[in-house]
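Note: hydrogens, waters and symmetry copies are ignored here, and every other heavy atom, side chains too, is used. Positions are given from 1, in the same order as the sequence printed here.
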Amino acid sequence: MRSDIMKSGPDRAAARAMMRATGLDDDAIRKPLVAVVHTWSDVSPCNLGLRELARHAAAGIRAAGGTPVEFNTIAVTDGMAMGTPGMRYSLVSREIITDSIEAAVASHSIDAMVVLCGCDKTIPAAAMAMARLDIPAVALYGGTIAHGTHRNHPITIQQVFEAVGAHGAGRIDDAELASVERDACCGAGACGGQFTANTMAMVLTTLGLSPMGLNDIPATHPAKHAAAFRCGELVMACLAVDRKPSDLLCRTAFRNAARMVAATAGSTNAVLHMLAIAREAGVDWTLEDFEPASADTPVIADLLPGGRYTAVELFGAGGVARVAKELIAAGM
């Protein structure tokens, strides 16, 4: 095991002593050390549920014969930072998160990892760290937020931004703006349309870094805890056969991911994030490769912000697997 260099042999007694102080016994120390890395924060709903998911992922690792160890990173919430000087830190945070995961996992000679992520920059950062470290790893997106209800209609953060514009134009008053603000966001999860978070969660599934269907489960859905547990089991299965991100990340995977972005009219931010992931993975994927991958791909998902439906509704219709099936049927 990679972790043996840190924990095995007489000269590593001091390291074992410190591990015992955290509650680990001889049996736990002998097992593979598996990181549960998450971007939990309570500053916004996007990453709010990740610490609880970490508990279930850890249980899955233990059930499959590993010893989980937990790390946390920072997160920047674009929806809050936009329009302020704080937005200057947003894209930079992607690199900080990637570096943080690398530093924590590599410095402790970790054998494998589960990465839990929840918003625009944390999701590509998870993939970049997985590619850079290239140890057995599984990523799980914390999930989309459930839509709110305003005047008997579904509402998301998008309608709040639109209401701000309407208020500025004098079309709605202060009371209506406040009502929209209070109704839009009703719990944990990232923005409910096919914005950057849900787009990149779909990209990670298509690249093979996340298990099919698990990223689609909304943040507050009862099945999300079981999904995290399953990821803990799956990372141990990957460790058993030494399946690493480099075994999955190739030009075909990136081409398929670009097609999925096009098919769902996803965020154009996927371009800059996929290029960064490809660079970390050493895959020859360039800006010019997006055009042929998307030119002949029809938009088949009617999702916000340009369409009518939320990510929760896409999950109800079959999620990523349904989109992929439709693309295959169309000969893509």
Handout entry: Members sharing V164's hydrophobic cluster (side chains within less than 4.5 Å)
Key = I172, L177

Exercise for the section: Verify, without hydrogens or angle tests, whether R94 (side chain) and K121 (backbone) share a donor-acceptor contact under 3.5 angstrom. Expected result: no

Practice task
Please check if the side chain of T205 supplies one atom and the backbone of A201 the other of a donor-acceptor pair under 3.5 Å.
Solution key: yes

Problem - Results of side chain to side chain donor-acceptor pair (under 3.5 Å) for S44 - residues two or more places apart only - result: T77

Practice task
Could you tell me whether the side chain of T199 and the main chain of S267 form a donor-acceptor pair under 3.5 Å?
Solution key: yes

Problem - Sequence neighbours excluded - side chain to side chain donor-acceptor pair (under 3.5 Å) pairs with any residue from residues 6-15 - result: S3-K7, D4-S8

Practice task
Determine yes or no for a side-chain-to-main-chain donor-acceptor pair under 3.5 angstrom, with R16 supplying the side chain and G9 the backbone.
Solution key: yes

Exercise for the section: Check for a donor-acceptor pair, side chain of D289 on one end and backbone N or O of T286 on the other, with a separation under 3.5 Å. Expected result: yes

Handout entry: Any residue meeting side-chain contact (heavy atoms from CB on, under 4.5 Å) with L303, in chain and number order, not counting sequence neighbours
Key = Q194, T264, A301, Y309, L314

Handout entry: side chain to side chain donor-acceptor pair (under 3.5 Å) partners of T310, counting only residues at least two apart
Key = E313

Practice task
Take E52 and K224, measure what side chain to side chain contact (heavy atoms under 4.5 Å, CB included) needs, and give me the verdict at the end.
Solution key: CA-CA 10 Å; E52 179 64 14; K224 200 69 183 187; over 6 Å; no

Practice task
List in chain and number order the residues that pass ring pair (Phe, Tyr, Trp, His ring centres under 6.0 Å) with H150, two or more places apart in sequence or in another chain; answer none if no residue qualifies.
Solution key: none

Practice task
Could you tell me whether D302 and R308 have a side-chain N and a carboxylate O separated by less than 4.0 Å?
Solution key: yes

Exercise for the section: Could you identify which residues cluster with M1, counting Ile, Leu, Val, Met, Phe, Trp and Tyr as linked when any side-chain heavy atoms lie under 4.5 Å apart, either directly or through a chain of such contacts? Expected result: none

Exercise for the section: Identify, with sequence neighbours excluded, every residue that meets side chain to side chain donor-acceptor pair (under 3.5 Å) alongside D247. Expected result: none

Practice task
Kindly give the cluster partners of V241, where membership spreads through any ILVMFWY side chain lying under 4.5 Å from a current member.
Solution key: none

Exercise for the section: Using ring pair (Phe, Tyr, Trp, His ring centres under 6.0 Å) as the criterion, list what pairs up with F229, not counting sequence neighbours. Expected result: none

Practice task
May I ask you to decide if A139's main-chain N or O and S210's side chain share a donor-acceptor pair within less than 3.5 Å?
Solution key: yes

Problem - Polar side chain donor-acceptor pair, N256 to T206, under 3.5 angstrom - result: no

Problem - Option from R230, H56, R55 for which side-chain hydrogen bond (donor to acceptor under 3.5 Å, both in side chains) with H225 holds - result: H56

Exercise for the section: Verify whether one side chain among D216 and Y141 offers a donor that lies under 3.5 Å from an acceptor in the other. Expected result: no

Handout entry: Side-chain donor-acceptor contact under 3.5 Å, N47 with S41
Key = no

Handout entry: With N269 via side chain to side chain donor-acceptor pair (under 3.5 Å) - residues at least two apart
Key = T196

Exercise for the section: Quickly, which of D111, D242, V105 forms a side-chain contact (heavy atoms from CB on, under 4.5 Å) with I135? Name it, please. Expected result: V105

Handout entry: Main-chain N/O of G86 paired with S90 side-chain donor or acceptor, under 3.5 Å
Key = no

Practice task
Return yes if a side-chain donor-acceptor contact under 3.5 Å exists between E176 and H167, otherwise no.
Solution key: no

Completion exercise
Students should find that the hydrophobic cluster of W40, defined by side-chain heavy atoms under 4.5 Å apart, otherwise consists of V34, V36, L50, L53, I61, V114, L116, V138, L140, L214, I217, L234, V235, M236, L239, F315

Exercise for the section: Return yes if a side-chain donor-acceptor contact under 3.5 Å exists between Q159 and T156, otherwise no. Expected result: yes

Exercise for the section: Could you tell me whether L272 atom CG has more than 12 heavy atoms of other residues or ligands within 6.0 Å of it? Expected result: yes

Practice task
Would you check if H147 and I155 make a side-chain contact, meaning some heavy-atom pair closer than 4.5 Å?
Solution key: no

